[in-house]
Amino acid sequence: MPLALLALAIGAFGIGTTEFVIMGLLPEVAADFQVSIPTAGFLVTGYALGVVLGAPLMTLLGTRVTRKRMLMLLMGLFIVGNVVSALAPVFGVMLAGRVVASLAHGAFFGIGSVVAADLVAPQKKAGAIALMFTGLTVANVVGVPLGTYIGQSAGWRTTFVLVALLGVIGLVGVAKLVPEQPKPEGVSVRHELAAFRNVQVLLAMAMTVLGFGGVFAAITYITPMMTEIAGYSASSVTWLLVLFGLGMVGGNLVGGRFADRHLMPMLYISLGALALVLGLFTVTAHNKVAAAVTIVLIGALGFATVPPLQKRVLDQAAGAPTLASAVNIGAFNLGNALSAWLGGLVIAAGLGYTAPNWVGAVLAASALVLAVVSGLLERRSAGAEGRIVAGSSPEAVAAPARH
């Protein structure tokens, strides 16, 4: 694997850290700005919405420059957003800083996926994408717990200063290690939007929303579930999230390895197993050991879908993959927001803290149904093409087209 993938992974590490570390620092931020915890929660919601909107916007703006230069500009935007957050005198300014940083998120992963895939041989594309996303998964194991500890010990502003420094390292890495690739010929806004006329691209994005949404339906409410149902102390939740992150790292690497060989079977297995494990979580959440094991499995199975889904979008949007790739990153965040909302609804309805697990199971099962539909459509299309070729005479196949 090229060393340039390390630079992309470092950038992904910084982005992953700033996205999730705020969840552990909400009480400190709320107290500093003298706002309520629900109000401070807009720092999470604002970031997610910024990713969804920023992914297509920044990618379309980037069609006029080379991908390397756009990656550098995005890391610069990320640095500025985190510096603004660290120095914010009032809550509104910090929220603006979070939104600015989030604008880089979707486009960085979208363009980075295309660059990573172009750096390796065709049979290693999913593995290269997975290696870049390893930065995001490792952030949940190292960056988020460490950033939370630093923020609680030395002040939350220190955490955001350090995240900005990670952005500087990522920017330098991209500048030094990512090769300069010529701007693709014929790329325009209309050219990139054409990919969305492909039903397979839309199906893959819907799988992303539902499949990863299934994961966050459960994980969003992991703290009350583990403290009220499993019997863990509040301080133990951090380590449970580390276990979740370790599962993400393993699942991401396994998903990347097998997606290069058997992409659709990998999706069928991971989505089916994810739906099953989320359903079982309603039972295993009542036992400390079983709950911990289940959390690892949810992380592993959830992120095992990421490289194959991202590669699926790249394959189906061949010729105009950049915007579709970035929008698919936004789809992950849309799934997070949707599942968190649905999980909150079932809890508010009095169904208990384990009810979001059933929501997650239904979402993952729905993604599996879409994967099967996608596979059937692909096989039907391949069969139709085969019949056309088989029914053509050698002369017809060899004859040049006449206009």
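We number each residue from 1, following the sequence as shown.
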Straight-line distance of [X] [atom1] to [Y] [atom2], nearest 0.5 Å:
X: Q152; Y: T158; atom1: CD; atom2: OG1; result: 12.5 Å
X: T354; Y: H286; atom1: OG1; atom2: NE2; result: 5.0 Å
X: T17; Y: L162; atom1: OG1; atom2: CG; result: 10.5 Å
X: I15; Y: I329; atom1: CD1; atom2: CD1; result: 10.0 Å
X: M132; Y: F108; atom1: CE; atom2: CZ; result: 6.5 Å
X: I111; Y: R67; atom1: CD1; atom2: CZ; result: 8.0 Å

Counting only N and O atoms by type, is there a donor-acceptor contact under 3.5 Å from the side chain of [X] to the main-chain atoms of [Y]?
X: N198; Y: Q316; value: yes
X: S102; Y: V99; value: yes
X: S236; Y: Y232; value: no
X: S366; Y: V362; value: yes
X: R312; Y: Q200; value: no

Report yes if the side chains of [X] and [Y] come closer than 4.5 Å at any heavy-atom pair, otherwise no.
X: F109; Y: Q310; result: no
X: F281; Y: I295; result: yes
X: F78; Y: T18; result: yes
X: I347; Y: P356; result: yes
X: L376; Y: V372; result: yes
X: V293; Y: L297; result: yes
X: V84; Y: V100; result: no
X: V306; Y: F332; result: yes

State, to 0.1 Å, how close [X] and [Y] come at their nearest heavy-atom pair, and which atoms those are.
X: A7; Y: L177; answer: CB-CD1, 4.2 Å
X: A101; Y: Y47; answer: C-CE1, 4.3 Å
X: L166; Y: G14; answer: CD1-CA, 4.1 Å
X: G106; Y: V51; answer: N-CG1, 4.1 Å
X: V242; Y: P145; answer: CG2-CG, 3.6 Å
X: I79; Y: A164; answer: CG1-O, 3.8 Å

Side chain to side chain contact (heavy atoms under 4.5 Å, CB included) evaluation trace for L71 with K68 = CA-CA 5 Å; L71 288 173; K68 174 178 179 175; 5.6 Å; no
Side-chain atoms of residues 263-276: list all donor-acceptor pairs with protein atoms under 3.5 Å, sequence neighbours left out, distances to 0.1 Å.
unit_1, atom_1, unit_2, atom_2, d
S270, OG, M266, O, 2.8
S270, OG, L267, O, 3.3

### Task
Walk me through it: do F160 and I22 pass the test side chain to side chain contact (heavy atoms under 4.5 Å, CB included)?
CA-CA 9 Å; F160 284 94; I22 189 63; 4.0 Å; yes
- Query: Would you find more than 12 non-hydrogen atoms of other residues, nucleotides or ligands less than 6.0 Å from F20 atom CZ?
  - Reply: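 For F20, atom CZ is crowded (more than 12 foreign heavy atoms under 6.0 Å).
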key: Whether over 12 other heavy atoms sit under 6.0 Å from R157 CZ   =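 Enclosed.
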Look at the rings of F33 and W156 and say which category their plane angle falls in: under 30° parallel, 30 to 60° tilted, over 60° perpendicular. tilted
>> Let's go through E19 and N333 carefully: what are the C-alpha distance in whole Å and the side-chain angles of both, what is the deciding distance for side chain to side chain contact (heavy atoms under 4.5 Å, CB included) to 0.1 Å, and is it a yes or a no?
In response: CA-CA 11 Å; E19 178 181 17; N333 284 267; 3.0 Å; yes
Do N328 and T208 have side-chain atoms, one donor and one acceptor, less than 3.5 Å apart?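 Note: N328 and T208 side chains meet the donor-acceptor criterion.
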Checking side chain to side chain contact (heavy atoms under 4.5 Å, CB included) for the pair V115/L119: CA distance, chi angles, key distance, verdict?
-> CA-CA 6 Å; V115 171; L119 290 172; 4.2 Å; yes
